[in-house]
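A short write-up of the structure that comes next.
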Amino acid sequence: MKILSWNVNSVRARLHLLEDLMHKESPDVILLQETKVLEAFPFEFFQTFGYKVHHWGQKSYNGVAIAARFPMTPAIEKDFLGHGEARYLECTIAGIRVASVYVPNGGALDHPAYAKKLEFMHHLAKHLHPYVDALQSTVVAGDFNIALSEEDVAVPMEWEGRILCSQAERNAMRCLLHEGWGDLIQGTLGKKNPYTWWPYQGKAWEQNKGLRIDYMLLSPFAMDRCQAGGTSVCWRGEPQPSDHAPVWAELRLEDSWK
DNA sequence: ATGTCACTGAAGCAGTGA
């Protein structure tokens with residue numbers, strides 16, 4: 001089963017790329033972040049290509065979705081900060097638990113949103129804790145808005161001491177990973193980390209001045225069943241792109257789901 | 001060089017968030 005996660009920065013503005021992506025990458029499950037829509041979510045569009053969708057959206061901001069070509073269990077929405085922000089959606093598909101996560105950006109280090117971001121990470125780790133050692137696959141993917149280390153930043157000096165790269169953010173991400181989550185892109189593929197986000201500003205894409213802030217975290221049980229994974233960087237170079245690239249993984253299904 | 005994109009409300013542009 002191929003699971004793909006993408007911060008689309010408005011689902012309605014990205015239908016042309018989603019259609020292309022569904023044909024070329026053929027994901028069984030699509031985890032979306034920043035759908036930026038409430039009731040106008042394009043459910044029919046996904047249906048046309050054989051996907052059912054769970055969506056937790058908001059007008060203008062945030063919004064997470066799970067689309068799948070397999071039956072899905074009902075979705076769980078977690079409002080970790082109690083602000084009604086649509087940032088975490090979870091369900092189970094063919095025995096695999098999947099979650100679409102959009103961690104708050106945090107604005108700036110001296111902004112109140114920064115503390116909220118760290119608080120969100122704390123709640124997220126706590127919620128995910130029981131899934132780590134379960135005898136079931138869990139895949140947690142999305143935009144974490146944190147570049148784990150200097151290797152995840154093309155030009156570290158430009159980001160030193162800024163949001164996405166502060167010590168406290170990196171610590172929060174590292175603490176989550178230390179619970180036992182596999183950082184698929186870094187851990188399994190072993191090569192130089194591909195970036196997942198290039199700002200729209202300043203020709204960042206053209207100069208490959210990116211950051212790796214999107215992740216696909218696998219529980220140990222899922223890690224053992226992972227056959228492939230990667231970052232589909234090419235979508236960042238298409239017309240009217242999202243500023244993020246998708247990340248994906250392929251998992252072997254348990255016999256009872258084949 | 002506050003540089004780019006997408007949203008909203010309100011009117012074809014300003015403010016916000018990323």
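Every chain is numbered from 1 and lettered A, B, ... according to where its sequence line falls, protein lines coming before strand lines.
No side-chain donor-acceptor contact under 3.5 Å links Trp6(A) and Glu25(A). Side-chain atoms of Ser26(A) and Arg69(A) form a donor-acceptor pair, as typed in the model, at a separation below 3.5 Å. Using a 3.5 Å distance cut-off with no hydrogens or angles, the side chains of Lys117(A) and Asn105(A) do not pair a donor with an acceptor.
Nucleotides dC7(B) and dG12(B) have their C1' atoms positioned 16 Å apart, rounded to a whole Å. Across the P atoms, dA10(B) and dG15(B) are found 14 Å apart, a figure rounded to whole Å. Between dA14(B) and dG3(B), the two P atoms lie 13 Å apart (nearest whole Å). dT2(B) sits 14 Å from dG17(B) when the C1' atoms are compared, rounded to a whole Å.
As a whole-Å value, the separation of His244(A) NE2 from dT4(B) P is 18 Å.
Lys203(A) comes within contact range of no nucleotide atom at all, as no heavy-atom separation falls under 4.0 Å.
Closest contact between the side chain of Ser60(A) and the listed nucleotides dA18(B), dT8(B), dA6(B) involves dT8(B). Of the candidates dA18(B), dG9(B), dA6(B), dA6(B) carries the atom nearest the Ala13(A) side chain, counting heavy atoms from C-beta on.
Listed pair Arg12(A) / dC5(B) fails the phosphate criterion, with no side-chain N or O lying under 4.0 Å from OP1 or OP2.
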